[in-house]
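Atoms within each ligand, like the ligands themselves, are counted from 1 in listed order. The basis for the numbers below is simple: all heavy atoms, side chains too, and nothing from hydrogens, waters or symmetry mates.
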Amino acid sequence: MSKKIIIANWKMNPASSQEAMSLFSGISKNVSQIKKTIVVICPPFIYLPSFSKALAGKGKIKKQISLGAQDAFWGDTGAYTGEVSAVMLSDIGVKYVILGHSERRVLGESNENINKKLKSAISANILPILCVGELERDENHEYFNFVKNQLLECLNGIPKNLLYKIIIAYEPVWAISTTQNRRDATPLDSREMAIFIRKIISDKLGVGMKMPRIIYGGSVNNKDAGEFLRYGGIDGLLVGKASLDVKKFTDIIKIAENENN
Ligand code: 13P
């Protein structure tokens with residue numbers, strides 16, 4: 001069984017570098033005993049260089065925490081005002097990048113763009129966390145086709161032997177903490193979609209190929225993380241709001257560590 005991976009998506013938080021560093025150090029200190037769980041922190045771009053320096057200065061912590069970005073543009077350099085490339089992120093020690101988050105898709109990010117970003121991230125040696133997920137669940141189960149289409153368009157043309165590098169995050173938009181009139185998703189909802197995603201990928205890959213990891217995100221907290229990890233058919237969690245709270249987030253990491261045992 002692969003190691004559980006717990007990823008913090010801080011989104012556009014917190015407001016100051018001082019608060020960001022205090023959150024980061026709080027989490028770092030609390031995970032010094034974690035051995036089997038992979039922990040990734042994805043802060044806003046602007047905090048990445050100082051976190052990277054902090055990690056370089058503390059040999060012990062380095063093994064437990066990796067850094068991720070919340071987006072990365074395609075290409076290496078060029079006339080793309082306001083963008084940051086995967087190559088630039090890799091240069092400062094960033095190992096992961098979230099791509100295709102629903103909060104970016106709603107601003108106009110297309111599957112086609114995400115596909116280009118995935119290819120660039122992989123060639124820059126950054127592991128992409130590809131977010132997919134339906135806006136709503138309909139009685140006719142159209143949401144399966146919706147997720148399938150997102151997956152196939154985003155993964156189009158990526159060589160089979162590289163697909164395992166991508167972490168697929170199933171995030172049903174209706175369960176995300178900031179969605180209006182949100183509802184709780186259950187570990188069963190996660191399990192059902194994780195099986196569906198595995199089937200799509202294994203049809204694409206054929207037998208004998210290394211599979212990507214599948215994780216779940218959508219209002220996960222320290223109360224339900226264990227259930228999702230145990231029954232959700234997944235290899236880890238993508239945590240938003242609860243990752244901004246040192247205690248809640250480190251509780252989630254410790255729960256994952258126990259599940260790894
Ligand atoms: P919440 O955990 O705040 O619902 O956010 C989920 C998410 O969007 C993580 O990427």
Side-chain angles (χ1 to χ4, degrees), residues 4-15 20 23-24 27 37-45 47-48 65-72 94-107 109 114 117-118 121 126-137 143 146-147 150-151 154 166-187 189-190 193-194 197 212-229 232 234-253 255-256:
K4 298 276 185 255
I5 181 162
I6 304 295
I7 304 171
N9 178 8
W10 286 3
K11 307 191 178 181
M12 198 172 71
N13 297 293
L23 182 56
F24 184 70
I27 296 168
T37 307
I38 301 165
V39 180
V40 183
I41 310 275
C42 305
F45 284 129
Y47 304 137
L48 284 166
I65 293 189
S66 297
L67 293 178
Q70 297 174 17
D71 188 32
V94 172
K95 298 276 186 293
Y96 294 81
V97 61
I98 297 172
L99 293 174
H101 193 282
S102 56
E103 288 151 17
R104 295 200 57 82
R105 289 177 186 266
V106 87
L107 297 173
E109 182 93 297
I114 297 163
K117 291 179 174 185
L118 280 166
I126 293 198
L127 302 175
I129 301 149
L130 167 63
C131 298
V132 295
E134 73 281 5
L135 304 180
E136 252 313 328
R137 286 216 162 178
Y143 60 91
F146 184 85
V147 171
Q150 283 185 327
L151 271 175
C154 289
I166 300 172
I167 297 165
I168 298 172
Y170 171 54
E171 292 209 315
V173 179
W174 49 270
I176 291 179
S177 64
T178 44
T179 299
Q180 268 199 338
N181 302 322
R182 63 163 300 283
R183 306 189 319 277
D184 277 337
T186 64
D189 294 324
S190 158
M193 191 56 86
I197 293 173
R213 280 173 287 188
I214 300 174
I215 64 174
Y216 170 80
S219 294
V220 178
N221 56 53
N222 48 344
K223 304 251 157 45
D224 58 14
E227 300 243 303
F228 273 104
L229 290 170
I234 42 160
D235 306 302
L237 300 166
L238 180 53
V239 185
K241 198 168 166 199
S243 72
L244 296 168
D245 179 312
V246 172
K247 169 152 177 16
K248 284 187 186 161
F249 190 60
T250 48
D251 278 357
I252 294 172
I253 296 166
I255 291 166

Closest to atom 4 (O) of ligand 1 by heavy-atom distance, out of Ala242, Ser177, Gly217, Gly133, is Ser177
Tell me, yes or no, whether the heavy-atom count around Lys95 atom NZ, taken from other residues, nucleotides or ligands under 6.0 Å, exceeds 12. no
Contact (N/O only, under 3.5 Å) between Thr178 and ligand 1: no
Can you name the ring pair (Phe, Tyr, Trp, His ring centres under 6.0 Å) partners of Trp174, sequence neighbours left out? none
Do side-chain atoms of Arg182 reach the backbone of Gly218 as a donor and acceptor pair under 3.5 angstrom? no
Which bit of Ile176 gets closer than 4.0 Å to ligand 1, counting heavy atoms only: side chain, backbone, both or neither? both
Arg183: salt bridge (Lys or Arg N to Asp or Glu O under 4.0 Å) partners, not counting sequence neighbours: Glu136
Using a strict cut-off of 4.0 Å, indicate which atoms of ligand 1 neighbour a heavy atom of Glu171. 6 (C), 7 (C), 8 (O), 9 (C), 10 (O)
Relative to the heavy atoms of Lys241, which atoms of ligand 1 are at a distance of less than 4.0 Å? 1 (P), 2 (O), 3 (O)
Is the closest side-chain heavy-atom distance between Met193 and Tyr143 below 4.5 Å? yes
Counting N and O atoms only, with roles assigned by atom type, does the side chain of Glu171 sit under 3.5 Å from a partner on the main chain of Gly133, one being a donor and the other an acceptor? no
Within less than 4.0 angstrom of ligand 1, does Lys11 place any heavy atom? yes
Hey, which atoms in ligand 1 end up nearer than 4.0 Å to a heavy atom of Gly240? 1 (P), 2 (O), 3 (O), 5 (O), 6 (C), 9 (C)
